[in-house]
Amino acid sequence: MAEPLRSLAPEPPRTSYVETYYGPAAGAEAQRPALDGRIETDACVVGGGLAGLTAALELARRGRKVCVLEGRRLGWGASGRNGGFVSPGYSARYETVERQVGADDANTLHRLSIEGAGAVAANLDRLGVADADRVDGLLATSRYEAAAELQARRDWLEREFDYRVEFRSRDQVRDVLVSPRYFQALYNPHAFHLNPLNYARALAREIERLGGEIFEASPATGLVREGAVGVVAAGSGQVRAKDVVIACGGYTGSLSPRLRRSYLPIATYVMLTKPDKALIAQAIRTPAAIGDGRRAGDYYRLVDGGERILWGGKITTRTTEPRRLARLLHQGMVSTSPQLANLAVDMAWSGLMAYARHLMPQIGRLGEGLWYCTAFGGHGLNTTAIGGQLVAEAIAGDSDRYRLFEPFGLTWNGGLAGRCAVQAAYWAMQASDRIRERRWLA
Ligand SMILES: Cc1cc2nc3c(=O)[nH]c(=O)nc-3n(C[C@H](O)[C@H](O)[C@H](O)COP(=O)(O)OP(=O)(O)OC[C@H]3O[C@@H](n4cnc5c(N)ncnc54)[C@H](O)[C@@H]3O)c2cc1C
């Protein structure tokens with residue numbers, strides 16, 4: 001007889017993803033049916049974000065029969081409402097990872113993160129996802145004098161990873177970003193930005209083309225093991241599968257209490273300006289994605305052919321949306337580019353990311369046939385690509401590369417104290433960013 005492992009009360013909706021820049025596309029695709037009745041499959045993936053969809057696609061490519069259960073709509077979570085920056089790296093700093101796992105594994109992990117960004121690019125090409133609107137290039141700027149530091153980083157990337165990025169002097173940066181805030185930058189021609197929701201939808205179509213099944217409005221509410229089979233309950237249906245993958249990101253409820261206790265949901269924000277190409281061109285003259293080197297920095301990019309800016313920044317452990325959200329983000333934009341003071345905000349939204357205390361992804365096995373693929377933080381576009389890939393490789397018996405993430409593990413999130421500590425650390429980072437910057441503005 002089956003022992004119920006857990007039941008789940010799905011979290012209430014936050015901002016609807018249809019109220020984002022990517023929303024019109026979301027509304028354009030007919031909703032897939034909810035699960036009804038009993039199905040049997042090789043693998044059941046819970047969560048229709050980029051982690052779950054990539055895992056399902058990679059399994060389908062290996063000939064496995066897969067099904068995806070999404071509680072709301074595909075890409076409804078962070079994956080369908082993020083900034084769209086795709087670049088190598090993790091939320092954790094390289095030096096911190098190296099201290100924990102040693103030089104060799106840190107190097108391998110960084111290579112994996114490069115592989116993740118490459119996997120997204122390869123999928124875009126292979127699936128011909130024109131509506132993902134891929135634009136190449138990422139300008140990682142510094143808001144203080146950092147020529148030597150950036151040149152050393154450029155050299156290190158080339159030496160260690162054969163990964164070439166280009167140094168930009170202060171004058172070169174200010175040619176394309178007319179702001180007194182910026183100093184030098186590294187330009188990464190391999191990084192790119194895209195419409196993440198349309199990318200997610202393309203993965204979903206490919207899963208279905210390969211015979212996989214996808215159910216929306218089907219929150220998994222229970223998970224039990226009956227011998228060699230995992231049984232997932234969702235609405236009036238049930239999926240029986242040899243392998244179950246939990247990929248619920250920052251929206252993970254109590255389906256797995258162990259997972260729920262091992263990450264913190266962290267909110268972050270994005271706004272979209274009204275169109276005004278001429279005004280925007282007074283401040284921003286590059287189609288590349290733009291980030292700054294502050295530990296709590298802003299990131300932005302032009303969309304609609306330079307008509308509008310999509311601007312992201314700020315994080316908080318408070319998961320409700322602040323009422324002054326649009327004003328907060330607008331202030332950040334104007335403090336960088338005063339020319340844009342009269343550029344109005346069209347819409348602003350938030351989303352939840354999952355962060356483990358170690359800031360690395362959580363990819364691994366909870367028990368026989370039960371896998372997790374989550375906690376990609378604010379660096380999820382490349383890392384969900386490797387997370388999904390590694391879990392699929394493990395299930396198919398192709399590799400045990402997922403074990404590279406074992407040293408980080410499912411550490412306790414610290415409860416309320418953990419949440420307060422993260423918020424305090426973020427404020428401290430903001431303060432030290434400001435102090436550092438002010439020294440150069442004086
Ligand atoms: C505003 C914002 C901007 C960001 N910008 C960037 C960026 O520019 N570049 C970058 O690399 N990263 C960025 N990130 C981070 C990145 O979006 C995430 O790390 C990544 O999308 C996480 O993907 P995921 O599949 O793990 O989770 P999600 O995309 O959140 O997907 C989880 C899904 O699981 C579903 N779910 C939850 N519980 C259940 C259940 N019981 N049953 C069924 N389904 C369930 C949810 O409905 C959701 O659709 C940003 C994040 C946010 C919020």
Side-chain angles (χ1 to χ4, degrees), residues 6-11 13-15 17 20-22 34-35 44-55 68-91 113 116-117 120 138 191-194 196-197 199-200 203 215-223 232-235 245-256 259-260 263 265-271 289 291 299-301 310-315 319 329 348-355 361-363 372-385 387-388:
R6 279 310 149 216
S7 69
L8 168 85
E11 298 192 353
R14 297 168 208 284
T15 323
Y17 81 150
T20 73
Y21 172 59
Y22 312 114
L35 179 69
C44 172
V45 177
V46 182
L50 284 169
L53 291 170
T54 309
V68 178
L69 295 178
E70 164 52 45
R72 301 173 193 278
R73 299 288 314 266
L74 292 178
W76 179 90
S79 297
R81 55 175 89 195
N82 62 52
F85 282 41
V86 188
S87 62
Y90 297 93
S91 292
S113 83
V120 177
L138 166 65
F192 52 95
H193 59 89
L194 49 53
L197 181 59
Y199 174 60
L203 297 187
F215 301 95
E216 293 184 292
S218 302
T221 49
L223 172 59
V232 185
V245 181
I246 302 178
C248 299
Y251 300 88
T252 307
S254 50
L255 188 62
S256 162
L259 282 186
R260 182 66 194 86
Y263 83 95
I266 304 284
T268 184
Y269 311 119
V270 179
M271 71 165 180
Y299 55 92
Y300 54 98
R301 62 191 180 98
L310 191 143
W311 186 287
K314 306 202 185 302
I315 63 160
T319 52
L329 288 162
W349 63 92
S350 73
L352 292 184
M353 307 172 288
Y355 271 94
Q362 294 173 325
I363 301 167
Y372 56 92
C373 183
T374 185
F376 298 100
H379 223 300
L381 281 177
N382 65 321
T383 55
T384 50

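Here, residue 1 is the first one in the sequence, and each next residue gets the next number. Here the structure is a predicted model, which means the values were calculated and not measured. Every number for a ligand or one of its atoms is a count from 1 in the order of the listing.
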Mind checking whether [X] has an N or O less than 3.5 Å away from an N or O of ligand 1?
X	answer
Ala78	yes
Gly250	no
Ala220	yes
Gly83	yes
Gly84	yes

> What do we get for Leu50 next to ligand 1 when only non-hydrogen atoms under 4.0 Å count, side chain, backbone, both or neither?
Replying inline: backbone

> Numbering the atoms of ligand 1 from 1, which are under 4.0 Å from a heavy atom of Val46?
Replying inline: 40 (C), 42 (N), 43 (C)

> By number and element, which atoms of ligand 1 are closer than 4.0 Å to a non-hydrogen atom of Ala247?
Replying inline: 32 (C), 34 (O)

Examine ligand 1 and decide if any of its atoms is less than 4.0 Å from a heavy atom belonging to [X].
X	value
Trp349	no
Thr374	no
Gly312	no

> For the residue pair Gly250 and Tyr263, what are the closest heavy atoms and their distance?
Replying inline: O-OH, 3.2 Å

>> Does the plane of the ring in Trp311 sit parallel, tilted or perpendicular to the ring in Tyr300? Use 30° and 60° as the thresholds.
In response: parallel

